[in-house]
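Let me begin by presenting the structure, written as structure tokens, before commenting on it.
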2 protein chains.
Amino acid sequence: MAFGHQKVESRRLLLREISQRGPVPRIDLAEHTGISRATVTSVTADLLRGGLIEEVPRESRADESARGRPRVDLKIAGAAHLIAGLKVSNDAMSLVLLDFDGVDVAHHECDIPTGRLPPDILAQHIQSGLTDLAQKAGRTLRDISAVGVGLAGVVDAQHGLVYWSPSLNARNVPFGDVLQDHLGIAVYLDNDANLVAMAEMTFGLGKAHSDFIVITIESGVGMGMVLGGQLYRGTRGCGAEFGHTKVHLDGALCRCGQRGCLEAYIADYALVREASSVGGMSLTTPTSQAVATVLTAAKSGDPTARKVVDRASKMFAMGLANLVNIFDPELVILAGEQMQFDHLYADTVIEEMRKSIVEIDKPAPDVVVHKWDNLMWARGAAAYALEFVQDTAVEALEDA
Amino acid sequence: MAFGHQKVESRRLLLREISQRGPVPRIDLAEHTGISRATVTSVTADLLRGGLIEEVPRESRADESARGRPRVDLKIAGAAHLIAGLKVSNDAMSLVLLDFDGVDVAHHECDIPTGRLPPDILAQHIQSGLTDLAQKAGRTLRDISAVGVGLAGVVDAQHGLVYWSPSLNARNVPFGDVLQDHLGIAVYLDNDANLVAMAEMTFGLGKAHSDFIVITIESGVGMGMVLGGQLYRGTRGCGAEFGHTKVHLDGALCRCGQRGCLEAYIADYALVREASSVGGMSLTTPTSQAVATVLTAAKSGDPTARKVVDRASKMFAMGLANLVNIFDPELVILAGEQMQFDHLYADTVIEEMRKSIVEIDKPAPDVVVHKWDNLMWARGAAAYALEFVQDTAVEALEDA
DNA sequence: CGACTTAAATTCGAAAAGCAAATTAAATTG
DNA sequence: CAATTTAATTTGCTTTTCGAATTTAAGTCG
């Protein structure tokens, strides 16, 4: 597109390549990018000079001839920058600090007041969380180059605008700007559902794939899409509302106010509601405990609980099949932290789903379950910010 | 990406720009692409010399000062190439011949034997159709630079491989190669559902949008997606099976053998089946007539017919809402040739759909109905081939 | 152990591509 | 018809990249 910045462009390209392929020798960079060896040498020299990458000795491999001048691996210089990622949930915040190479440096969790908060109050909590996080790594807030923030709700990532979030007491808040002014650090805001996809793409199972879908189930149902190697966000910043996909005409009531949403069948509150109201089970108040009760009962053969859980499984399989029919991805990742929903991740669901997709003489997409800890959300947020820091760093490189 | 071809790259970029923006003066090209005026002059000189574009006098406009040296518009030179597009249906073939500027030069329709044909027989029919088409324009088959072919079924466009098609009596046919060998012309194969999206993107309502969805209803339900300005095809060449999206658990039987597919509620055969079996209407044999009967009855208030049609509408609205919830597109185009399905394109359906999407403080996507003639499929096929011809032509340009 | 082989990385001169500034071209205006 | 305005082109220069030759850092062999 814009010419006149060619050098920046090739620097960016090579930095990306190094970042994605981990330690890689120059000759492979030339091979993969189509840039000549001479140019690779000169551009990587710039990146080395700027401290963005570093040389590491390459351990010998069986499949490589040991003769000739040995290859020298290049990798991202971890020490170049610090990037924080954080996810705000209902009553807590989890934070992670990564180095420029994506390696965990520190992590931190802290409680925040439950419910909707005024934007500047939330910003203050985030600031204190980040300060603590930095301290754990023996650094200060000022050492952090950028912060990625994941928020539930409807978020326009491009403009840092929060249309609506369960964490904020106002609508249409330019929370990205608010936070940036507050912290004095570059802030990149995103919907938390996208973070999962981001984390899988950068660190997880999606690394090797260019088209995949990530589904998460916790109290709601989240989804992220990577299409053509890029996170797809939709045009209004509210794409991928998989949980509010309709699976039944005039069906069960969803907390979003509509009927027949997938979430209204498979989310925790839905299971509990159904088991108690229709099935007549008497359940304790906190939803998380009640869910456990229902699931345990189902496993031990209680017919009422079984019915509820079975239907949830079938609905989930149907929703999944619809996604696969529409996208035809290479891979579907079911990602979750608590395995209280493992019944939805079971082989029977996957089997059911496979039966509902259009058959052709090519294998159906892989469906894999990826259990992870709750820091993965924060890592996704950091990965999102990391991309921007990479670009900024490349642009800031001075010429020799 | 690949350097060492920079000149080709800027030629390609400018040719694309001219092709998309219609007649456009050099100064605007410089403005829009970020390429300097000097370079635009030199690159367009190459394109002119190669006969790919031409200068046309610019008519004066009210909003432009008439002073100074007048702008000279550049446009694609129509005469540079001929591109054919064709769509194979059950018992017929429609063909269109476009010039390099996308303008219709000739069109043609012909019958082919009904049902599944051996690949080489179908290739022969295509050859004869193309020969007739060329003749209508006073040209010969050899004058055609490339042919785009749309086939129903599951098609891997990239490899020209047909996994399965109702038009072929074999599976996994490399029909692209078969046809190319037969004709001696470059052949680009694609699924017919994608052609609709291609046509809308190149000639139709999608011109101004980068993310939209096109839905077609005839005997089946088709869908094409344009995401980020590009046709999205999925990874196995069978994405966008919107018609086999499930809208009801264990629902109506679809001709694909599964249950609860959207198609099983809204396609022509589904309406007729339901009206006759459940509703007790007695209907004549050809589906197309029977559909008309049902729809007419519904309009004149027949309660049975009404029920059938109403449910179809609701199911369609639900399927549409699911798409919007997942993709969050700018625009949804309902494209159709026969308006026998206009009840599904009615305002009530659109209204119903709007109620089922997640609400945020931004307007819902536009939903528009685009009626078109059956040549539009063939035009989409030609548009697909046209892109390749453009690229090939640019690469073939010799240096001064 | 030193000459030879192999393969990666670097250097160097040349070529390509693009740009800014200056110039030319083609129109209107007064 | 001279002045003005704006588009397009030309010119000379800079930046960027590449190919080929060279250097470097190993292993191998006699």
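Everything quoted here is computed from the prediction, not taken from an experiment. So that the names make sense, note that chain A is the first sequence line, chain B the second, and so on, each numbered from 1.
- The distance between atom NZ of B:K7 and atom C1' of D:dT17, rounded to the nearest whole Å, is 15 Å.
- For the pair B:E31 CD and C:dC19 P, the computed distance is 14 Å after rounding to whole Å.
- Rounded to whole angstrom, the span from the CD atom of B:E55 across to the P atom of D:dA7 amounts to 15 Å.
- The main-chain N or O of B:R58 is never found under 3.5 Å from a side-chain atom of B:D73 such that the two would form a donor-acceptor pair.
- Under the 30°/60° scheme for interplanar angles, the aromatic rings of B:F327 and A:Y232 are found to stand perpendicular.
- A side-chain N or O of B:S36 and one of B:T39 form a donor-acceptor pair less than 3.5 Å apart.
- Atoms CG (B:D46) and C1' (D:dT9) sit 14 Å apart, rounded to a whole Å.
- Atom CD of B:E9 and atom C1' of C:dA16 are 15 Å apart (whole Å).
- Using the six-membered ring where Trp is involved, A:H209 and A:F212 have ring planes that are perpendicular, over 60° apart on the 30 and 60° scheme.
- Taking side-chain N and O atoms only, B:S36 has a distance below 4.0 Å to OP1 or OP2 of C:dC19.
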Output one line per pair: protein atom, nucleotide atom from nucleotides 23-30 of chain D, and distance, for all N/O pairs under 3.5 Å.
residue: D:dA25; atom: N3; partner: A:R69; partner atom: N; Å: 3.2
residue: D:dT28; atom: O4'; partner: A:R67; partner atom: NH2; Å: 3.3

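- Taking atom CG on B:L13 and atom C1' on C:dG18, their separation rounds to 14 Å, with Å as the unit.
- For B:D190, the salt bridge (Lys or Arg N to Asp or Glu O under 4.0 Å) partners at least two apart in sequence or on another chain are B:R233.
- Taking the nucleotide of DNA chain D with the nearest heavy atom to each of B:T41 and A:V43, the more 5' of the two is matched to B:T41.
- Between the P atom of D:dT11 and the CZ atom of B:R37 lies a distance of 18 Å, rounded to the nearest Å.
- Using modelled atom types, one side-chain atom of B:D211 and one backbone atom of B:G228 make a donor-acceptor pair closer than 3.5 Å.
- A donor atom on one side chain and an acceptor atom on the other are found under 3.5 Å apart for A:E200 and A:H370.
- A straight line from CZ of B:R71 to C1' of C:dT28 spans 16 Å, rounded to a whole angstrom.
- Side-chain nitrogen and oxygen atoms of A:S10 include at least one within less than 4.0 Å of the OP1 or OP2 phosphate oxygen of D:dT17.
- At D:dA7, none of the side-chain N or O atoms of B:R26 fall inside 4.0 Å of OP1 or OP2 (strictly under the cut-off).
- Residue contacts shown for A:V72 are limited to sugar-phosphate atoms, with no base heavy atom under 4.0 Å away.
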